[in-house]
Enquirer: 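The structure's right below; bear with me while I get my questions together.
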Amino acid sequence: MGKRKRPQPVNFIDLDQPTTGHGNRKKSKESENIETVQLVPPSTSDTSPVRRRKQSTTEVETSGASPSQKRKLDSRAFEYCFQNLWRSSPEEKKIQFTYLDCLWFSLYLKAAHRRKVLKWIKNKQIFSKKYVFVPIVCWSHWSLLIFCHFDEKPDSKTRKPCMLLLDSLQEANPRRLEPEIRKFVMDIFKDDGRCKNLKVIGDIPLMVPKVPQQKNGEECGKFVLYFIHLFMKAAPEKFSIKDYPYFMKENWFTEEGVCQFFKTFGHFEEDICL
């Protein structure tokens, strides 16, 4: 009788830094493996696009991972938790919101994928929604970009479009992403044929409120999910720069609140809520 093969552990991809021009950073093996994501066109509904993954020798094996590796959300775990959250949200709230897949921004930064990503975003019809969540993962760090009132004209006087960048690690300088974000937004508008005046689009305000901060290097993903959860609950009917930052302040929520949230909507909570 032949030797029985040991079962293979479930593998996860931890998407690392794409090349964005911020210094001569050396690409890690994980960042190179973004090419292992097979680009599958999403549907136009508010369900996350399917992403099939090829197995890679550099993926983190959860069975042998350290506690810090287990606590850190990769894109697959993030998507799992986000879908739990989205399904549980009231329909009257969801009608005002939509979201982009958590890998799209990173894929957009790679020239080979840019056209496909812009096509997928166009199919999402984001200009019909008041708020658009754009989770960002760059340099192994999660942050949240929110488009507000992109359903209005860029030069609107009543509901002026703006952007929010929520980052639980302010010391990492969230505004380092601003050039890429502005190019991203410019391309979205151009691809949709939404506005011919590119200067107006370039002047859309990008604000970075001082939100609650993570205590260690592993919590950024769960903070982004909690930002989404609480923003959906409290977002005003009309987001006005005049009243900014509204509820998004340094004491917006507690560490206990994040932990309880993950016990409800997450998984691996025994590793995340320590």
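Because only heavy atoms are used, hydrogens play no part in the values below, and waters and symmetry mates are left out as well, while side chains stay in. Numbering starts at 1 and runs along the sequence shown.
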Enquirer: Please evaluate residues Tyr246 and Ser240 with respect to the criterion side chain to side chain contact (heavy atoms under 4.5 Å, CB included), reporting the C-alpha separation (whole Å), side-chain torsions for both, the decisive distance (0.1 Å), and the verdict.
Expert: CA-CA 9 Å; Tyr246 292 95; Ser240 169; 3.4 Å; yes
Enquirer: Heavy atoms, side chains only, cut-off 4.5 Å: are Cys148 and Lys160 in contact?
Expert: no
Enquirer: Between atom CZ of Phe150 and atom OG of Ser156, what is the distance when rounded to the nearest 0.5 Å?
Expert: 12.5 Å
Enquirer: Test of understanding: with side chain to side chain contact (heavy atoms under 4.5 Å, CB included), list the residues that count as partners of Leu169, not counting sequence neighbours.
Expert: His141, Asp167, Glu171, Ala172, Gln214
Enquirer: When rounded to the nearest 0.5 angstrom, what distance separates CD1 in Ile201 from NZ in Lys153?
Expert: 13.0 Å
Enquirer: Would Lys215 and Glu219 pass as an ion pair if we require N to O under 4.0 Å?
Expert: no
Enquirer: Please say yes or no: joined through hydrophobic side-chain contacts below 4.5 Å, possibly via intermediate residues, are Leu230 and Val224 part of one cluster?
Expert: yes
Enquirer: As a quick check of understanding, evaluate salt bridge (charged side-chain N to carboxylate O under 4.0 Å, His left out) for Arg76 and Glu79, giving each step before the final call.
Expert: CA-CA 5 Å; Arg76 182 173 165 185; Glu79 193 66 28; over 6 Å; no
Enquirer: Taking Leu73's backbone N and O only, do any of them form a donor-acceptor pair with Trp142's side chain (distance below 3.5 Å, no angle check)?
Expert: yes
Enquirer: State, to 0.1 Å, how close Lys93 and Ala235 come at their nearest heavy-atom pair, and which atoms those are.
Expert: NZ-O, 4.2 Å
Enquirer: Are the side chains of Leu165 and Leu144 in touch, meaning some heavy atoms are under 4.5 Å apart?
Expert: no
Enquirer: Honestly curious: do Ile188 and Val200 fall in one hydrophobic cluster under the side-chain, below-4.5 Å linking rule?
Expert: no
Enquirer: Any non-hydrogen side-chain atom of Ile136 less than 4.5 Å from a side-chain atom of Leu177?
Expert: yes
Enquirer: What pair of heavy atoms forms the shortest contact from Phe227 to Pro212, and how long is it?
Expert: CZ-O, 4.2 Å
Enquirer: For Phe184 and Phe105, take the angle between the two ring planes, folded into 0 to 90°, and tell me which bin it lands in: parallel under 30, tilted 30 to 60, perpendicular over 60.
Expert: perpendicular
Enquirer: Quick one: sort the Phe239 and Tyr131 rings into parallel, tilted or perpendicular, breaks at 30° and 60°.
Expert: perpendicular
Enquirer: May I ask you to test the Ile121-Ile126 pair for a side-chain heavy-atom distance under 4.5 Å?
Expert: yes
Enquirer: Considering only heavy atoms from C-beta outward, does the side chain of Thr98 approach that of Phe133 to under 4.5 Å?
Expert: no
Enquirer: Just checking, Lys124 and Tyr99: is the charged tip under 6.0 Å from the six-membered ring centre and within 45° of the axis?
Expert: yes
Enquirer: Would you check, one step at a time, whether the test side chain to side chain contact (heavy atoms under 4.5 Å, CB included) holds for Thr254 with Cys259?
Expert: CA-CA 9 Å; Thr254 64; Cys259 185; over 6 Å; no
Enquirer: For the CE atom of Met207 and the OH atom of Tyr244, what is their distance to the nearest 0.5 Å?
Expert: 5.5 Å
Enquirer: Is a side-chain donor-acceptor pair under 3.5 Å present for Gln260 with Glu256?
Expert: no
Enquirer: Under a 4.5 Å cut-off applied to non-hydrogen side-chain atoms, are Trp120 and Asp101 in contact?
Expert: no
Enquirer: Please say whether more than 12 non-hydrogen atoms of neighbouring residues, nucleotides or ligands are located less than 6.0 Å from NZ in Lys249.
Expert: no
Enquirer: Let me confirm one number: the CE-OG distance from Met232 to Ser89, rounded to the nearest 0.5 Å.
Expert: 4.0 Å
Enquirer: I need the minimum non-hydrogen distance between Val211 and Met248, along with the two atoms involved.
Expert: CG1-CB, 4.4 Å
Enquirer: Can you see which heavy atom on Phe262 is nearest to which on Cys81, and at what distance?
Expert: CE2-SG, 4.0 Å
Enquirer: Check whether any side-chain heavy atom of Phe147 lies under 4.5 Å from a side-chain heavy atom of Leu164, and answer yes or no.
Expert: no
Enquirer: Could you walk me through whether Val137 and Ser106 pass the side chain to side chain contact (heavy atoms under 4.5 Å, CB included) test, one step at a time?
Expert: CA-CA 7 Å; Val137 54; Ser106 292; 4.0 Å; yes
Enquirer: Does any N or O in the side chain of Gln213 come within less than 3.5 Å of the main-chain N or O of Gln170, such that one atom is a donor and the other an acceptor?
Expert: yes
Enquirer: Please say yes or no: joined through hydrophobic side-chain contacts below 4.5 Å, possibly via intermediate residues, are Phe247 and Leu225 part of one cluster?
Expert: yes
Enquirer: Might you confirm whether atom CD1 of Ile241 has over 12 heavy atoms from other residues, nucleotides or ligands at distances under 6.0 Å?
Expert: yes
Enquirer: Nearest 0.5 Å please: distance from the CD1 atom of Ile181 over to the CD1 atom of Ile204.
Expert: 12.5 Å
Enquirer: Which label fits Phe97 and Phe231: parallel for a plane angle under 30°, tilted from 30 to 60°, or perpendicular past 60°?
Expert: perpendicular
Enquirer: Grab the two heavy atoms, one from Arg194 and one from Asp151, that are nearest each other, plus how far apart they are.
Expert: NH2-O, 3.2 Å
Enquirer: Give the minimum heavy-atom separation between Glu180 and Tyr108, together with the two atoms involved.
Expert: O-CE2, 4.4 Å
Enquirer: Between Arg115 and Asp191, is there a salt bridge with N-O shorter than 4.0 Å?
Expert: yes
Enquirer: Apply side chain to side chain contact (heavy atoms under 4.5 Å, CB included) to residues Ile146 and Leu166 and explain how you reach the verdict.
Expert: CA-CA 8 Å; Ile146 307 175; Leu166 310 185; 4.0 Å; yes
Enquirer: How many angstroms lie between atom CE of Met163 and atom CD of Glu178, to the nearest 0.5 angstrom?
Expert: 7.0 Å
Enquirer: If you look only at pairs with a residue in residues 224-245, which of them pass as a salt bridge (charged side-chain N to carboxylate O under 4.0 Å, His left out), with sequence neighbours excluded?
Expert: Lys130-Glu237
Enquirer: List for me each residue that meets ring-ring contact (aromatic ring centres under 6.0 Å, His included) alongside Phe261, sequence neighbours excluded, and say none if there are none.
Expert: Tyr226, His229, Phe265
Enquirer: Could you tell me whether the side chain of Arg182 and the main chain of Pro179 form a donor-acceptor pair under 3.5 Å?
Expert: no
